[in-house]
Amino acid sequence: MVERQLHRRGIHDERVLAAMNEIPREEFVPEEDRHTAYRDDPIQIGWGQTISQPYMTALMAQELELTGGERVLEVGAGSGYAAAVLGALAEHVVTVEIVPELAEMARENLRRAGRDRNVEVVSGDGSQGYAPGAPYDAISVAAGAPDIPPALVNQLRDGGRLVIPVGSWTDQELQVIVRHGKRLDSRVATGCRFVPLRGGEGWQ
Ligand code: SAH
């Protein structure tokens, strides 16, 4: 997976490659799908949701440019896999999940994989961020929205980075945003297709 799906496609951050190599992705997919855990695709995890394609998880982590000391917010814990990857790259991760059963599953998966030391799963609507943990050095949003939720920008530290799929149900781009005071620098990393962000100003 790491060589063919990630490195060859431009994932060059050694820490990201090492984390993806080290974290047992099979612990984050339903038991009957374990044989598909390292495929180049998203996988259904129940409640209409998916664990993202490994490349997307790696790209989002790389775009956050983590060096080890950061506090990170993830919106959309799903299986907990991306949170485990972020946890290997940063100091602390808070991941918010709107489906309570998935929040519980993410907690369980992280515990089983031995990745729960610095990863906290919160049950709730992450389109509002998670104020008690703010400000964050980096925010990763694992679900697509028509616009960037203002609460997320407000909870981003000055100089902090946000990755988020922005667009419609079928046509999204992964935006990388860097906050400079009130100004936001943004660029597009790639086209993508994520499940919709619920709550807030999302698609409902
Ligand atoms: N990072 C996950 C991918 C999960 S897919 C992984 O590695 O497995 C996106 C997740 O976002 C879904 O679990 C969905 O329930 C969740 N979600 C959607 N809208 C949300 C919101 N407003 N707040 C928190 N989670 C949300």
Side-chain angles (χ1 to χ4, degrees), residues 1 5-6 16 19-20 23-30 33-34 36-64 72-90 93-110 112-113 115-116 119-133 136 138-152 155 162-167 169 172 174 192-204:
M1 172 182 88
Q5 298 175 33
L6 309 184
V16 173
M20 301 275 301
I23 292 165
R25 189 168 156 90
E26 67 276 10
E27 298 291 351
F28 295 86
V29 304
D33 293 323
R34 289 198 166 189
T36 70
Y38 292 89
R39 280 193 195 158
D40 196 10
D41 292 304
I43 301 168
Q44 301 290 333
I45 53 171
W47 291 272
Q49 306 302 326
T50 53
I51 171 173
S52 306
Q53 180 197 25
Y55 171 69
M56 223 19 103
T57 300
L59 181 62
M60 293 171 85
Q62 175 166 281
E63 292 293 354
L64 292 177
V72 181
L73 172 68
E74 185 194 28
V75 179
S79 67
Y81 176 70
V85 171
L86 295 170
L89 300 169
V93 178
V94 178
T95 181
V96 186
E97 172 55 53
I98 203 164
V99 178
E101 292 87 348
L102 285 176
E104 193 42 48
M105 190 178 89
R107 267 183 215 117
E108 178 102 23
N109 291 345
L110 285 157
R112 227 184 23 253
R115 295 282 161 178
D116 56 343
V119 182
E120 182 186 344
V121 182
V122 173
S123 203
D125 178 4
S127 69
Q128 302 309 308
Y130 182 64
Y136 301 97
I139 301 180
S140 175
V141 184
D147 297 299
I148 300 163
L152 298 183
Q155 292 177 22
L162 164 69
V163 290
I164 179 168
V166 178
W169 172 273
Q172 301 164 11
L174 186 69
C192 56
R193 193 166 175 186
F194 280 75
V195 297
L197 183 70
R198 295 162 49 186
E201 301 296 310
W203 292 318
Q204 304 301 326

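Ligands are counted one by one from 1 in listed order, and the atoms in each one are counted from 1 as well.
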Pick whichever of [options] has a heavy atom sitting closest to [atom].
atom	options	result
atom 3 (C) of ligand 1	Asn109, Thr50, Leu86	Thr50
atom 21 (C) of ligand 1	Ala84, Gly126, Ala103	Gly126
atom 26 (C) of ligand 1	Val195, Ile98, Ile43	Ile98

Could you establish whether [X] and ligand 1 come within less than 4.0 Å of each other, counting only heavy atoms on the residue side?
X	value
Val99	yes
Gly124	yes
Pro196	yes

Using a 4.0 Å cut-off to any heavy atom of [X], which atoms of ligand 1 qualify?
X	value
Asp125	21 (C), 22 (N), 23 (N)
Ala82	1 (N), 7 (O)
Ala77	1 (N), 2 (C), 6 (C), 8 (O)

Task: Short N or O distance, Glu74 and ligand 1, threshold 3.5 Å exclusive - done: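 Min N/O separation from ligand 1 is below 3.5 Å for Glu74.
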Open item on the list: When you compare ligand 1 with Val75, is there at least one nitrogen or oxygen pair between them that comes in under 3.5 angstrom?
Closed with: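 No, there is no polar N/O contact under 3.5 Å.
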- [ ] Starting at CG of Leu197, measure out to CG of Asp125 and round the result to the nearest 0.5 Å.
- [x]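 Reported to 0.5 Å precision, the distance equals 7.0 Å.
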Open item on the list: Any donor-acceptor pair under 3.5 Å linking the side-chain atoms of Tyr38 with those of Glu26?
Closed with: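 Yes.
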